[in-house]
Amino acid sequence: MTRSLYDLDAGQLEALVAEAGEPPYRARQLTHWLDTRRQPDPRAMTNLPRSLRARLSERFAGTGLELDRHQAGDDGWTHKFLFRLPGGDAVESVLMLYPGRATVCISSQAGCAMGCTFCATGQFGFTRHLSVGEVVEQVARVSTMLPALRPGPGAVDHLTNVVFMGMGEPFANQEATWGAAYRLHQGFGLSARAITISTVGLVPGIRRAAAEPLRVNLAVSIHAASDDVRDRLVPVNRSWPIAELLEAVGDYVAATRRRVSFEYALMAGVNDDLEQAGRLGRLLAPLRVPGSGGHAAHVNLIPYNPTPGTGFSPPSKAAVRRFRDAVAASGVPVSVRANRGVGIDAACGQLRTATGRLGRKVLPLAEQG
Ligand code: SAH
Ligand code: SF4
C-alpha cells in the first residue's frame with residue numbers, strides 16, 4: 001500500500017511517470033525532489049510540468065505525513081513533532097541539535113506491542129506498523145524544517161544522524177525498518193554509520209542485522225543483567241532471555257566486527273544496585289571485536305525519564321555514578337546519556353500520542369512480522 005510517495009521505488013516512480021505520458025527523465029527529477037531535496041509534496045516540485053504536478057498531488061492527496069504539532073524544548077535545541085498518518089493514527093519524531101551535529105529520532109510503529117512496563121509507548125499499546133515511506137518521510141520532513149529551526153551559531157543546517165529510537169520496535173517491523181535504512185543510505189546519502197537501530201532484543205532481528213550488507217549501528221535495550229529483573233521490565237525477555245540475546249549479539253559482532261551499544265534505563269530500587277552493575281560488567285566484558293580484541297560493548301546509562309502511571313522513578317545522581325563506576329571497573333566502556341527533551345515529553349520512553357486512538361495491548365511476539 002502506498003502511504004507516502006517515499007513508498008515508491010525507482011521502478012514504480014518510472015511506471016508512474018510513464019502512465020502520465022511523460023518522458024523517463026521526469027522520474028529522475030521526481031527522485032531528485034524526493035531524495036536530494038527531501039520534498040514529498042508534488043505541488044512544490046517546480047520543474048515538473050503543471051499537469052504532472054496536478055496529477056501527482058491528486059493521486060497522492062491523503063497520503064504522507066501531516067504535521068499536527070511542533071514543540072521546542074531545551075532552549076530550541078530539541079524539537080518534537082507529532083505527525084498524523086493517513087488513517088488518523090499519529091507518531092512522534094524528535095530532533096536533537098548539538099554543535100556540529102543534528103540527530104533525528106524516528107518512529108517505526110504507531111505505538112508498540114512489546115509492553116515494556118516502564119515505557120510510555122509500550123503502555124499505550126500498538127496501533128499499526130509504519131510503511132517504509134512513512135519512516136523515511138519523517139526524516140525528509142524534519143530535514144526540510146531543520147534550517148529554520150537552528151537555535152544559534154554552531155547548529156548545523158542538515159541532519160547528520162538518524163536513530164530508530166522513537167515509538168515502536170524496529171525489529172517487529174523489519175521490512176519497513178530495513179527498507180527505510182537502505183533508502184536513507186542510498187537515496188538520502190547517509191552513511192551506514194550515521195544510522196542506528198535500537199531493539200528491545202528480538203533475536204531474529206539481530207540475526208538479520210548480522211546478515212544485512214548495510215552495516216548500521218546496533219543498540220540493544222538490555223536494562224537488567226539477570227532474567228528475574230529483566231522479565232519484570234521487558235516481557236519479551238521470556239521469549240529470548242539474556243543468554244540467548246547475548247549469544248545473538250556475539251554472533252553479530254563476530255560477523256560484522258562492529259561495536260554494539262547497550263541501553264540501560266536506570267530505575268531507582270529496581271535495576272540500579274551494584275549487583276546488577278557487577279553482573280552487567282561480567283556479561284559484557286567478554287564481548288570483543290575480532291582482530292583488534294577491543295571491547296565490543298558500550299553501555300549507555302539513561303537515568304529513567306518519569307512516565308506517569310508506571311510506578312518507576314529515576315535514581316539519585318549518586319546512584320547513577322556508583323552504577324557507572326561499577327560497570328567501568330569491569331573494563332566495559334560506559335557513559336551516562338544526557339537527558340534531552342524532558343520538558344516537552346520528548347525524552348527516551350516518553351513518546352506517546354495522547355491524541356491518537358488508544359492502542360491494542362498485544363502480547364509480545366504477536367505482532368512480529
Ligand atoms: N523499541 C526499541 C526502540 C525504542 S528506543 C527499544 O526499546 O530499543 C527508546 C529507548 O528508551 C529504549 O532503550 C527504551 O528502553 C528506553 N526507554 C523507554 N522508556 C524509558 C524511560 N521512561 N526512561 C528512559 N529510557 C526509556
Ligand atoms: Fe516498545 Fe522499546 Fe518501549 Fe519496549 S522500550 S515498549 S520495545 S518502544
Side-chain angles (χ1 to χ4, degrees), residues 91-94 96 103-127 129-130 135 162-174 176-177 195-203 205-206 209 216-224 229-240 245 249 260-268 270-272 298-315 320 336-342 345-353 359-368:
V91 292
E92 290 180 330
S93 316
V94 180
M96 290 163 287
T103 298
V104 64
C105 174
I106 54 172
S107 297
S108 54
Q109 300 178 309
C112 184
M114 299 295 125
C116 299
T117 50
F118 55 92
C119 169
T121 312
Q123 290 312 296
F124 187 74
F126 173 83
T127 51
H129 290 298
L130 300 199
V135 177
V162 175
V163 297
F164 287 73
M165 292 190 179
M167 297 169 73
E169 165 51 38
F171 288 162
N173 187 11
Q174 294 201 58
T177 293
I195 302 171
T196 299
I197 299 178
S198 177
T199 178
V200 68
L202 301 188
V203 163
I206 296 170
V216 300
N217 304 311
L218 180 67
V220 175
S221 296
I222 191 158
H223 306 315
V229 179
R230 195 164 192 264
D231 279 350
R232 284 167 51 204
L233 301 174
V234 177
V236 83
N237 193 61
R238 296 189 199 113
S239 305
W240 290 290
L245 171 60
V249 173
V260 174
S261 309
F262 287 87
E263 319 291 311
Y264 196 112
L266 280 167
M267 295 164 236
V270 175
N271 64 354
D272 64 342
H298 180 110
V299 174
N300 261 320
L301 299 175
I302 317 168
Y304 185 67
N305 294 310
T307 304
T310 57
F312 296 105
S313 54
V320 174
V336 179
R337 189 187 281 173
N339 267 341
R340 292 294 292 262
V342 176
D345 280 350
C348 293
Q350 293 189 318
L351 302 186
R352 121 201 77 170
T353 50
R360 284 177 286 139
K361 284 279 168 61
V362 185
L363 287 176
L365 311 188
E367 288 296 331
Q368 275 217 66

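Both ligands and their constituent atoms are indexed starting at 1 by order of listing. The model shown is predicted, which means the values in this text are computed figures rather than measured ones. Index from 1, following the sequence.
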Relative to the heavy atoms of [X], which atoms of ligand 1 are at a distance of less than 4.0 Å?
X      : answer
Thr307 : 22 (N)
Ala265 : 24 (C), 25 (N)
Tyr304 : 21 (C), 22 (N), 23 (N)
Ser198 : 2 (C), 3 (C), 5 (S), 6 (C), 8 (O)
Glu263 : 13 (O)

Measure across [X] and [Y] and return the closest heavy-atom pair with its distance rounded to 0.1 Å.
X      : Y      : value
Pro315 : Leu266 : CD-O, 3.1 Å
Ile197 : Val216 : CD1-CG2, 3.8 Å
Val91  : Met167 : CA-SD, 3.8 Å
Phe118 : Tyr304 : O-OH, 2.7 Å
Pro170 : Thr177 : O-OG1, 2.8 Å
Val203 : Leu245 : CG2-CA, 4.0 Å

*asked:* Going by the closest heavy atom to atom 4 (C) of ligand 1, which one wins out of Cys119, Gly166, Ser221?
replied: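 Considering heavy atoms of Cys119, Gly166, Ser221, the nearest to atom 4 (C) of ligand 1 sits in Gly166.
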Who's the nearest protein heavy-atom neighbour of [atom], and how far?
atom                    : value
atom 23 (N) of ligand 1 : Asn305 N, 2.9 Å
atom 19 (N) of ligand 1 : Gly349 CA, 3.0 Å
atom 9 (C) of ligand 1  : Met165 O, 3.6 Å
atom 25 (N) of ligand 1 : Cys348 CB, 3.5 Å
atom 2 (Fe) of ligand 2 : Gly168 O, 4.5 Å

Polar side-chain atom of [X] near backbone of [Y] as donor-acceptor pair, under 3.5 Å:
X      : Y      : result
Glu263 : Val299 : no
Ser261 : Ala219 : no
Asn173 : Leu130 : yes
Asn271 : His223 : yes

*Is there a side-chain contact (heavy atoms from CB on, under 4.5 Å) between Glu92 and Asp345 once you walk through the steps?*
CA-CA 11 Å; Glu92 290 180 330; Asp345 280 350; over 6 Å; no
_Test item, Gly168 contacting ligand 1 (heavy atom, 4.0 angstrom)_ =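 Contact check Gly168 vs ligand 1: positive.
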*Run the contact test for His223 against ligand 1 with a 4.0 Å cut-off on heavy atoms, strictly below, and give the result.*
yes
*Give me the protein N, O or S atoms that fall under 2.8 Å of atom 4 (Fe) of ligand 2, sorted by chain and residue number.*
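Those protein N, O or S atoms (cut-off: under 2.8 Å from atom 4 (Fe) of ligand 2) are Cys116 SG.
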_Partner of Val236 under side-chain contact (heavy atoms from CB on, under 4.5 Å), chosen from Asp231, Leu202, Thr199_ = Leu202
*asked:* As a test of understanding, state which of Ser221, Cys112, Ser108, Ser198 forms a side-chain contact (heavy atoms from CB on, under 4.5 Å) with Glu169.
replied: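 By the side-chain contact (heavy atoms from CB on, under 4.5 Å) criterion, Glu169 pairs with just one of Ser221, Cys112, Ser108, Ser198: Cys112.
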With backbone taken as N, CA, C and O and side chain as the heavy atoms from C-beta onward, which portion of [X] lies under 4.0 Å from ligand 1: side chain, backbone, both, or neither?
X      : answer
Thr199 : backbone
Phe312 : neither
Glu169 : both

*Trace of the side-chain contact (heavy atoms from CB on, under 4.5 Å) decision for Ile206 with Phe171*: CA-CA 8 Å; Ile206 296 170; Phe171 288 162; 4.3 Å; yes
